[in-house]
Amino acid sequence: RHRAKPSKEVLSQIDTYSAQVQGLKGIDEDGKMKCMVKLQELWSSLLNKGHTEDEIANMVQEYQYCNSQNLMPDLIAEAFFKKDTQTILDWLGSPV
């Protein structure tokens, strides 16, 4: 059956949660477990839509390759998980 490719947002979430589960510093074991649950939910959703595991892995790898020039600095990734919105706003150039 014909399947629509998942959005960049979904692929980004899978990529981000995978990195968290694999041990990016700045996140505790409870945080890793939450990321693992969310990752499994996203993965299951795509499997239920008819994608195979290989297709999902290839789409995430393609996403990583296409976005390798637009990486988020580690400081911002850590601020995101610490819910440090001011650091993120500063990085985005917000006057707030």
Side-chain angles (χ1 to χ4, degrees):
R1 100 184 160 172
H2 182 68
R3 297 169 306 272
K5 191 171 181 178
S7 69
K8 287 183 180 181
E9 290 79 12
V10 170
L11 295 173
S12 173
Q13 288 176 354
I14 290 173
D15 185 40
T16 301
Y17 289 125
S18 295
Q20 292 300 316
V21 169
Q22 292 174 8
L24 183 68
K25 57 185 173 180
I27 186 169
D28 59 11
E29 288 302 314
D30 185 48
K32 285 183 187 178
M33 188 57 93
K34 289 178 183 177
C35 289
M36 189 178 300
V37 169
K38 185 63 177 169
L39 179 61
Q40 289 173 344
E41 289 172 357
L42 290 166
W43 200 268
S44 293
S45 172
L46 293 177
L47 289 172
N48 289 336
K49 291 179 181 176
H51 295 285
T52 66
E53 290 184 17
D54 287 339
E55 288 175 330
I56 298 168
N58 288 338
M59 287 184 283
V60 171
Q61 188 174 27
E62 180 183 298
Y63 170 82
Q64 291 170 334
Y65 176 77
C66 291
N67 290 298
S68 63
Q69 300 301 316
N70 299 322
L71 294 177
M72 182 183 304
D74 287 340
L75 174 69
I76 302 307
E78 290 175 14
F80 173 77
F81 287 101
K82 291 179 181 176
K83 297 181 173 57
D84 181 2
T85 54
Q86 189 59 52
T87 298
I88 296 168
L89 288 172
D90 291 344
W91 180 66
L92 291 172
S94 174
V96 178

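In this structure, Tyr65 OH and Asn58 CG are separated by 15.0 Å, a value rounded to the nearest 0.5 Å.
Counting only distance, with no hydrogens or angles, the side chain of His51 and the backbone of Trp43 share no donor-acceptor pair below 3.5 Å.
Among residue pairs with one or both ends in residues 9-20, none qualify as salt bridge (charged side-chain N to carboxylate O under 4.0 Å, His left out); sequence neighbours excluded.
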Steps toward side-chain contact (heavy atoms from CB on, under 4.5 Å) verdict (Met36, Glu41): CA-CA 9 Å; Met36 189 178 300; Glu41 289 172 357; over 6 Å; no
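With sequence neighbours excluded, the residues forming a side-chain contact (heavy atoms from CB on, under 4.5 Å) with Asp84 are Ala79, Gln86, Thr87, listed by chain and number. Among residues two or more places apart in sequence or in another chain, the side chain to side chain donor-acceptor pair (under 3.5 Å) test is passed with Gln61 by none. With sequence neighbours left out, Lys8 forms a salt bridge (charged side-chain N to carboxylate O under 4.0 Å, His left out) with no residue at all. Looking at residues two or more places apart in sequence or on another chain, you find no salt bridge (charged side-chain N to carboxylate O under 4.0 Å, His left out) involving Asp54. For Ser12, the side chain to side chain donor-acceptor pair (under 3.5 Å) partners at least two apart in sequence or on another chain are Tyr63.
Residues Leu39 and Tyr17 approach most closely at CB-CB, 4.0 Å, considering heavy atoms.
A salt bridge is defined here as a Lys NZ or Arg NE, NH1 or NH2 lying under 4.0 Å from an Asp or Glu carboxylate O, and Glu55 with Lys49 fails to meet this definition.
For the pair Leu46 and Ile14, the minimum side-chain heavy-atom distance is below 4.5 Å. Looking only at side-chain heavy atoms (C-beta outward), Met59 and Gln64 stay at 4.5 Å or farther from each other.
In the hydrophobic clustering of ILVMFWY residues, with side-chain heavy atoms under 4.5 Å counting as a link, Val37 and Leu42 come out apart.
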